[in-house]
Protein chains: 2
Amino acid sequence: MPKVGMEPVRRKALVDAALRVIGDHGSLAVTMSDIARQAGVSPALAHHYFGSKEQLLIETIRSLLRQLRRDAVVALKQARTPRERLSAIVRVSFHADQFAPETIAAWLAFYAEAQRSEETRRFLVIYARRLRSNLLADLKALLPADAAERIAEGAAAMIDGLYIRQSLKSAPIGIEASIALTEDYLNALLASTSPSPLKEKGKPLRTIQGQMT
Amino acid sequence: MPKVGMEPVRRKALVDAALRVIGDHGSLAVTMSDIARQAGVSPALAHHYFGSKEQLLIETIRSLLRQLRRDAVVALKQARTPRERLSAIVRVSFHADQFAPETIAAWLAFYAEAQRSEETRRFLVIYARRLRSNLLADLKALLPADAAERIAEGAAAMIDGLYIRQSLKSAPIGIEASIALTEDYLNALLASTSPSPLKEKGKPLRTIQGQMT
DNA sequence: TAATTTTGATTGACTGATCAATCAATAAAA
DNA sequence: TTTTATTGATTGATCAGTCAATCAAAATTA
């Protein structure tokens with residue numbers, strides 16, 4: 001069997017398998033055997049390539065974050081104005097892949113794990129910061145800094161909250177409705193807050209591409 | 001040692017111990033021994049009274065919900081108008097007990113568990129429904145039904161989201177700020193939505209006490 | 001080209017640790 | 001004496017992680 005160069009193939013297969021198994025099972029309490037079986041290899045091979053279960057799990061969450069970033073970069077490519085970029089960020093957060101029940105279950109499992117694993121927490125903090133700071137960057141083009149910060153915090157919380165509520169699967173809200181609710185929030189608070197006098201309508205100060213990376 | 005009537009005492013001690021251990025450990029993957037030790041009894045006794053670990057965990061989440069309900073009843077006692085009741089609901093959600101890191105960690109662990117345990121999910125669904133329907137009841141006194149429903153959904157999501165974000169402990173938001181953000185949301189959306197023509201300012205149609213039970 | 005050695009890929013079988021759950025035994029009230 | 005409370009000891013199952021052995025491609029040598 002040993003065709004050389006299997007390593008990257010197997011690593012990817014195992015990470016994908018881990019994600020699927022965790023999503024299905026709804027917990028990180030899955031066995032290496034489960035994951036290896038799903039990937040079509042022996043448990044020993046999983047240990048061979050990742051050293052430990054923890055390491056495989058870490059790689060799995062990294063892969064989840066990488067995917068999210070990729071989606072974000074694509075979505076932000078098309079956005080031109082700060083307001084459009086805000087909508088793009090919202091839309092990405094509720095992207096169909098991310099909204100699949102298994103993916104939500106996996107995220108949730110990692111959130112719980114973050115209470116114990118310092119490294120898992122680090123990754124989730126990166127995600128949380130990225131979401132907040134991307135929102136913030138565009139809000140600052142529309143509002144004074146202090147208002148922008150409050151609204152960024154609120155929008156991030158609403159996105160995460162809609163996501164979590166989805167995990168219970170009772171009265172599922174749906175992608176479009178989730179986007180609409182978040183947009184409503186942004187519209188209402190943008191309207192009720194006095195706009196930034198300097199930056200409004202002028203050439204936006206920030207239009208750097210690829211901020212969300 | 002056997003003084004009769006220990007059962008309720010031990011049950012409570014074990015449930016409290018479970019909550020503390022789960023909160024500290026940040027996961028349901030705690031052993032019966034850990035819990036029993038914390039409660040000052042042998043692991044065998046925990047099994048004697050609860051039959052299984054799962055059952056003890058179920059009782060633990062029930063106790064968490066009971067506490068939340070108690071707080072809510074107290075907070076709603078003082079509220080007079082629908083708008084006051086809305087604020088009371090928000091305040092209760094961020095009540096200090098609920099906001100303690102160990103409590104947040106425990107909630108999170110149960111959310112994750114709900115992906116597997118039908119019974120755990122049932123309890124969390126009850127919580128989610130209760131939050132939504134309490135918000136809804138008072139919003140309907142201020143707004144047309146469809147707008148009320150959207151805003152109830154949004155507010156519930158924001159509350160849960162602020163809660164979850166807290167669990168990462170990076171840039172903690174704090175109780176007061178969390179309340180303020182949710183109030184901002186309510187104020188902004190109440191202002192930007194045309195009020196219910198019939199009910200506004202008149203004697204509210206719904207002022208039944210103890211709705212949040 | 002043919003024979004060989006080396007190296008990467010892969011696994012089955014095993015180990016040690018951990019835990020939920022059980023149970024028989026004990027001790028003290030009623 | 002019967003009932004209730006309590007535990008130490010044990011069991012059976014589950015898993016992460018290890019290891020020596022195998023297999024076949026690739027590299028090297030003849």
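Note that the structure is predicted; figures quoted are calculated from it, not measured. Proteins come first, then strands; the chains are lettered A, B, ... in the order of their sequence lines, and each starts at number 1.
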In whole angstroms, the gap separating C1' of C:dA20 from CD1 of B:Ile35 amounts to 11 Å
B:Met6 has its side chain closest, among D:dA5, C:dT11, C:dA9, to D:dA5
Discussion item. Does B:Arg70, at its CZ atom, have more than 12 non-hydrogen atoms belonging to other residues, nucleotides or ligands within less than 6.0 Å?
Written reply: yes
Test: A:Asp138 and A:Arg83 ion pair at under 4.0 Å | no
Report task. May I ask you to verify if any side-chain N or O of A:Arg10 is less than 4.0 angstrom from the OP1 or OP2 atom of C:dT10? Result -> yes
In whole angstroms, the gap separating P of C:dT10 from CZ of A:Arg37 amounts to 18 Å
- prompt: Is NZ or CZ of A:Arg11 both nearer than 6.0 Å to the six-membered ring centre of A:Phe50 and within 45° of the ring axis?
  reply: yes
Atom CD of A:Glu7 and atom C1' of C:dT10 are separated, to the nearest Å, by 13 Å
A:Leu45 atom CG is separated from D:dC23 atom P, nearest whole Å, by 17 Å
Using 4.0 Å as the upper bound for N to carboxylate O, is an ion pair formed by A:Glu59 and A:Lys12? no
N-O pairing of B:Glu118 and B:Arg121 below 4.0 Å: yes
Using a heavy-atom cut-off of 4.0 Å across all strands, would you classify B:Tyr49 as base, sugar-phosphate, or nothing? sugar-phosphate
Letter by letter from the 5' end, nucleotides 14-20 of chain D scores (B base, S sugar-phosphate only, - none; protein heavy atoms under 4.0 Å) -SSBBB-
#### Entry: Ion pair A:Glu113/A:Arg116, N-O distance below 4.0 Å
yes
